[in-house]
Amino acid sequence: MNSDTQPGIVVVLEPGLAATKRNRIRTRLEARGAVVAVVHGEGHDYLEVSGDHLPLATLPIGSWDGVAKVLLRGSEFPHASWGGGRGQEVLPTVVEVGGLPLGSGDFQILAGPCAVEDEDRLLRLAQQIQGTGTQVLRAGAFKPRTSPYSFQGLEGVGLEILARVKSETGMAIVTEVMDTRDVERVAEVADLLQVGSRNMQNYSLLKELGRQRKPVLLKRGFAATIREFLLAAEYLLSAGNDQVVLCERGIRSAAGTGQVVLDLGALPELRRHTHLPVVVDPSHGAGVNHRVLPLARAAVAAGADGVLVEVHDEPEEALSDGQQAILPQEFARLVGDLHAIRRALNEPAGKEEHV
Ligand code: PEP
Ligand code: MN
């Protein structure tokens, strides 16, 4: 990362700090190559740090004797934020998923079973989903399961099935990659590489995905703050991959009736901070199928650039996440609802008065 993408640092000193102590702090910063200016403020002084201060990133400056607090000027997310540390206006990012635009007004529905189970079923589901006008198929060949005794995915065989269903239907494919060693083979079939919630902070995986050129769907860790989510995206972006889609998929809450609560407030919050497209996964954000449709509709009303929905034709037979899968006919109804909500939101204000 270049120094011009670094946010500026302001070290606020404790009120009335003696000059000797202030100079000791200054000298320590300068020893790491920073350019430091002392500013005399009202009540307390502060140090403005400029130049390449990346070497300071690992120092616990906020806990140094005489330091009241450390402020970051500009953004902590120089690549993900609007302008950020670069100080430039940035347009919303549009990510190309197998030739389909996602973001900045281009809405996509990503749908399919949780896992690739068998070829006939996947093809059948893909065709039903495609029949609704949906062009992106999701299905995992590598499944991150809580229990090592649960179905782990068909792995390589699953990738081969995905490749055949892709060529049969022409749909774009989103599928998860869990391990740095699999990035290449998963990227051969995937149009959008999914990073699961559990891997949002797998920094080796993020760095590897940042170096390759397929778009990445980064799912929010289920206990991650918005800051941690955006910093995870920075790993991809700062490594050179600018095709990143964020996905809100629900966070753990002790207050919910299930284990997870979909954080729809994340949508306006992320919109405020980042130019990256944001999609919502109401399936994992629900955990049970009867919540999925209302949450998907709410996500679109709240401004999602897309939704990721789990669909299965025999949920009671599903090898993973059957309890939250919706049926193909429910999915078809949902697609109609989502387009109606988008149309309603895009209608010019005051239209009703003229009809
Ligand atoms: C999935 O999409 O099937 C999945 C495992 O999601 P998450 O990582 O959000 O739990
Ligand atoms: Mn799932």
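What you see is a predicted model, and the numbers here were worked out from it, not measured in a lab. All ligand and atom numbering here is 1-based and tracks the order in the structure.
In this structure, the protein non-hydrogen atom closest to atom 8 (O) of ligand 1 is Ser197 N, 2.7 Å. Of all protein heavy atoms, the one closest to atom 9 (O) of ligand 1 is Arg249 NE, 2.6 Å. Annotation: atom 3 (O) of ligand 1 to nearest protein heavy atom, Lys143 NZ, 2.8 Å. Counting only heavy atoms of the protein, atom 4 (C) of ligand 1 lies nearest to His284 NE2, 3.3 Å. In this structure, the protein non-hydrogen atom closest to atom 6 (O) of ligand 1 is Lys219 NZ, 2.9 Å.
There is no side-chain donor-acceptor pair under 3.5 Å between His312 and Glu317.
Among the candidates Lys21, Arg24, Arg22, the single residue satisfying the salt bridge (Lys or Arg N to Asp or Glu O under 4.0 Å) test with Asp65 is Lys21.
Looking only at its N/O/S atoms, Glu310 has OE2 as the one nearest to the Mn ion (ligand 2). The Mn ion (ligand 2) sits nearest to atom OD2 when only the N, O or S atoms of Asp321 are considered.
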**Asked** What do the steps show when you test Asp179 against Arg185 for salt bridge (charged side-chain N to carboxylate O under 4.0 Å, His left out), and what is the final call?
**Response** CA-CA 11 Å; Asp179 193 307; Arg185 62 175 172 152; over 6 Å; no
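With ligand atoms numbered from 1 in the order given, ligand 1 contributes 8 (O) to contacts under 4.0 Å with heavy atoms of Gly196. Atoms of ligand 1 lying under 4.0 Å from any heavy atom of Cys114, numbered from 1 in the order shown and given with element: 3 (O). Of all the atoms in ligand 1, the ones that sit under 4.0 Å from a non-hydrogen atom of Arg198 are 8 (O), 10 (O).
Under a 4.0 angstrom heavy-atom cut-off, Gly140 registers as lying outside contact with ligand 1.
Where the criterion is an N or O separation shorter than 3.5 Å, residue side chain and backbone included, Arg138 meets it with respect to ligand 1. At under 3.5 Å, a nitrogen or oxygen of Glu310, whether backbone or side chain, sits near a nitrogen or oxygen of ligand 1.
Salt bridge status for Glu30 with Arg26: present, with a side-chain N to carboxylate O gap under 4.0 Å. Under a 4.0 Å N-O distance rule, the pair Glu208/Arg211 qualifies as a salt bridge. Comment: Glu228 does not engage Arg220 in a salt bridge, judged by the lack of any side-chain N to carboxylate O separation of less than 4.0 angstrom.
Between the side chain of Asp191 and the main chain of Ile173, a donor-acceptor pair closer than 3.5 Å is present. Of the possible donor and acceptor atoms, one in the side chain of Arg145 sits under 3.5 Å from a partner among the backbone N and O of Phe151.
Atoms CG and OH, from Leu209 and Tyr235 in turn, are 14.0 Å apart once rounded to the nearest 0.5 Å.
Between the SG atom of Cys114 and the NE2 atom of His284, the angle centred on the Mn ion (ligand 2) amounts to 170° when rounded to 10°.
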